[in-house]
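Index from 1, following the sequence.
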Amino acid sequence: MNLAELNKVAEAMVAPGRGILAADESSGTIKKRFDSIGVESTADSRRDYRELLFRSTEAMSKCISGVILYDETIRQNAKDGTPLVKLIEKAGSLPGIKVDKGTKPLPFCPGELITEGLDGLRERLVEYRGLGAKFAKWRAVIDIARPESGPPIPTYTAIMTNAHALARYAALCQDEGIVPIVEPEVLMDGDHDADRCYTVTELLLKIVFEQLYFQKVALEGMVLKPNMVISGKKAKQRAGVEEVAEKTVKLLKACVPAAVPGIAFLSGGQSDEEATAHLDAMNRIGNLPWKLTFSYGRALQAAPQKAWSGKSENVAAAQRAFTHRAMMNSLAAKGQWKQDLEKKAA
Ligand code: 13P
């Protein structure tokens with residue numbers, strides 16, 4: 001393992017004012033997103049849409065440090081034949097790849113999931129490295145919504161098993177010269193309050209870092225992608241921006257060693273502006289041992305998807321929408337976002 005090289009890539013992924021575009025929706029997920037804007041999901045429509053994002057030069061070169069791709073996308077060419085990976089590199093951004101194979105039901109744990117994809121992972125990493133991937137992503141999903149029947153969740157089994165898989169994945173990545181994004185996600189589904197999210201996320205992160213240690217993962221050569229400490233979507237009274245920021249920073253300080261170069265949050269179903277405001281408020285707290293930035297999927301793409309709606313005449317409008325969100329999140333990554341800037345653009 002060349003730790004200096006891994007560390008250089010990890011630092012670049014969280015460089016000041018820059019963050020990650022999660023464009024790694026599986027074919028099933030992108031179909032759902034396209035269904036909502038009335039666009040048929042085909043290899044060409046997926047290519048056209050992602051190409052417009054990667055050709056948003058200002059956003060890509062100023063705000064986006066890296067792009068997480070899906071297996072199909074890392075192999076795809078733009079309409080003019082240029083590999084999409086080359087478009088990303090040309091814009092000064094790093095290509096990355098989702099390598100988990102999605103979730104399956106976890107035996108004897110009703111309602112809980114385990115992320116699969118370790119078998120053959122080393123060989124896939126070698127191939128992806130050849131295709132230009134500098135970093136990878138693996139997402140573990142922990143649901144904490146109260147089940148209608150059956151035992152409460154999450155179970156220790158689900159937390160432990162998913163943390164172990166994350167650490168096995170991260171070690172394999174580093175051994176193959178690829179920076180792992182370690183993504184343990186506590187879902188926002190449910191009516192729980194922010195304190196319940198705090199308690200579960202704390203346990204999850206403690207166990208994830210224990211497992212990373214046991215698998216000999218070098219913390220200097222990884223990026224953590226956690227959820228924020230946030231109320232469930234159906235909570236009656238949702239925690240405000242300051243509370244989310246304070247609780248998330250408190251939790252991360254207690255759980256994430258300073259050797260980790262950066263933390264890039266998922267948006268997890270927050271609205272665009274909420275995700276930006278939370279990131280900004282955390283960075284305003286300041287005095288943090290790691291960089292705090294974004295690795296958003298929905299919170300960066302909902303606006304451009306809507307503006308595009310599958311029509312070539314809307315490409316410029318979609319690029320403007322993407323650039324605006326990227327700029328807002330870039331400011332938030334520096335603690336310099338202002339809500340007025342959102343109003344002016346509206
Ligand atoms: P969201 O920001 O839409 O949660 O997606 C980020 C991601 O990569 C989930 O794995």
Side-chain angles (χ1 to χ4, degrees), residues 20-54 66-77 84-85 88 95-107 109-121 124-125 127-128 131 133 135-145 153 158 161-162 165-166 169 181-190 225 227 233 265-272 275 295-310 318 322:
I20 297 164
L21 165 64
D24 60 323
E25 300 85 358
S26 64
S27 301
T29 303
I30 196 80
K31 182 179 180 311
K32 267 193 251 160
R33 307 271 186 269
F34 279 13
D35 283 349
S36 73
I37 52 168
V39 175
E40 193 192 345
S41 181
T42 64
D44 280 355
S45 65
R46 294 191 288 272
R47 188 270 321 274
D48 288 348
Y49 167 65
R50 286 165 171 152
E51 179 175 347
L52 84 79
L53 296 179
F54 308 157
V67 182
I68 317 174
L69 301 167
Y70 185 58
D71 180 76
E72 175 186 72
T73 323
I74 201 170
R75 304 168 192 281
Q76 255 175 340
N77 292 335
L84 291 179
V85 165
I88 294 167
I97 181 77
K98 182 232 284 294
V99 299
D100 67 66
K101 292 203 157 181
T103 54
K104 290 273 163 59
L106 182 63
C109 296
E112 297 194 288
L113 301 168
I114 176 69
T115 302
E116 297 201 329
L118 287 172
D119 287 353
L121 179 56
R124 290 194 292 126
L125 289 169
E127 191 198 359
Y128 287 138
L131 291 167
F135 65 92
K137 174 190 120 171
W138 178 290
R139 172 175 176 251
V141 189
I142 302 295
D143 191 352
I144 64 173
I153 57 172
T161 318
N162 275 291
L166 270 172
Y169 138 83
I181 294 182
V182 173
E183 182 177 4
E185 176 176 7
V186 174
L187 294 178
M188 275 175 80
D189 298 344
K225 176 164 174 168
N227 53 282
K233 269 185 225 153
F265 293 100
L266 58 95
S267 61
Q270 301 176 48
S271 76
D272 298 0
S295 176
Y296 294 160
R298 282 162 284 182
L300 276 171
Q301 295 190 63
Q305 273 165 13
K306 203 165 149 220
W308 175 58
S309 294
F322 173 53

On a heavy-atom basis, which atom in [X] and which in [Y] lie closest, and how many Å separate them?
X      : Y      : result
Ala302 : Asp272 : CB-OD1, 4.0 Å
Val39  : Ser309 : CG2-C, 3.5 Å
Val99  : Leu125 : CG1-CD2, 4.1 Å
Pro110 : Ile153 : O-CG2, 4.0 Å
Ala318 : Ala307 : CA-CB, 3.8 Å
Ile97  : Asp71  : CD1-N, 3.8 Å

Hey, what do you get for [atom1] ([X]) to [atom2] ([Y]), rounding to the nearest 0.5 Å?
X      : Y      : atom1 : atom2 : answer
Glu51  : Thr73  : CD    : OG1   : 12.0 Å
Tyr70  : Arg75  : OH    : CZ    : 10.5 Å
Lys306 : Ile37  : NZ    : CD1   : 11.0 Å
Ile20  : Lys225 : CD1   : NZ    : 7.0 Å
Ile68  : Asp24  : CD1   : CG    : 5.0 Å
Leu118 : Lys101 : CG    : NZ    : 11.0 Å

Check: [Y] and [X] side chains under 4.5 Å, non-hydrogen atoms:
X      : Y      : answer
Phe322 : Gln305 : no
Asn162 : Ile114 : yes
Leu106 : Thr161 : yes
Ile30  : Arg50  : yes
Glu112 : Asp143 : no
Leu166 : Thr115 : no

Derivation of the side chain to side chain contact (heavy atoms under 4.5 Å, CB included) call for Leu131 and Val85: CA-CA 8 Å; Leu131 291 167; Val85 165; 5.7 Å; no
For the residue pair Trp308 and Phe34, categorise the inter-ring angle as parallel (less than 30°), tilted (30 to 60°) or perpendicular (more than 60°). tilted
Might you work through the side chain to side chain contact (heavy atoms under 4.5 Å, CB included) test for Leu84 and Leu69, ending with a clear yes or no? CA-CA 10 Å; Leu84 291 179; Leu69 301 167; 5.9 Å; no
For [X] and [Y], indicate whether the former's side chain and the latter's backbone hold a donor-acceptor pair under 3.5 Å.
X      : Y      : value
Asp189 : Ala145 : no
Arg33  : Gln301 : no
Tyr169 : Ile181 : yes
Arg47  : Gln76  : no
Asp35  : Ser41  : no
Ser267 : Tyr296 : no

Report, as yes or no, whether the 6.0 Å neighbourhood of atom NZ on Lys31 holds more than 12 heavy atoms from other residues, nucleotides or ligands. no
Closer than 4.0 angstrom, basic N to acidic O: yes or no for Glu183 and Lys98? no
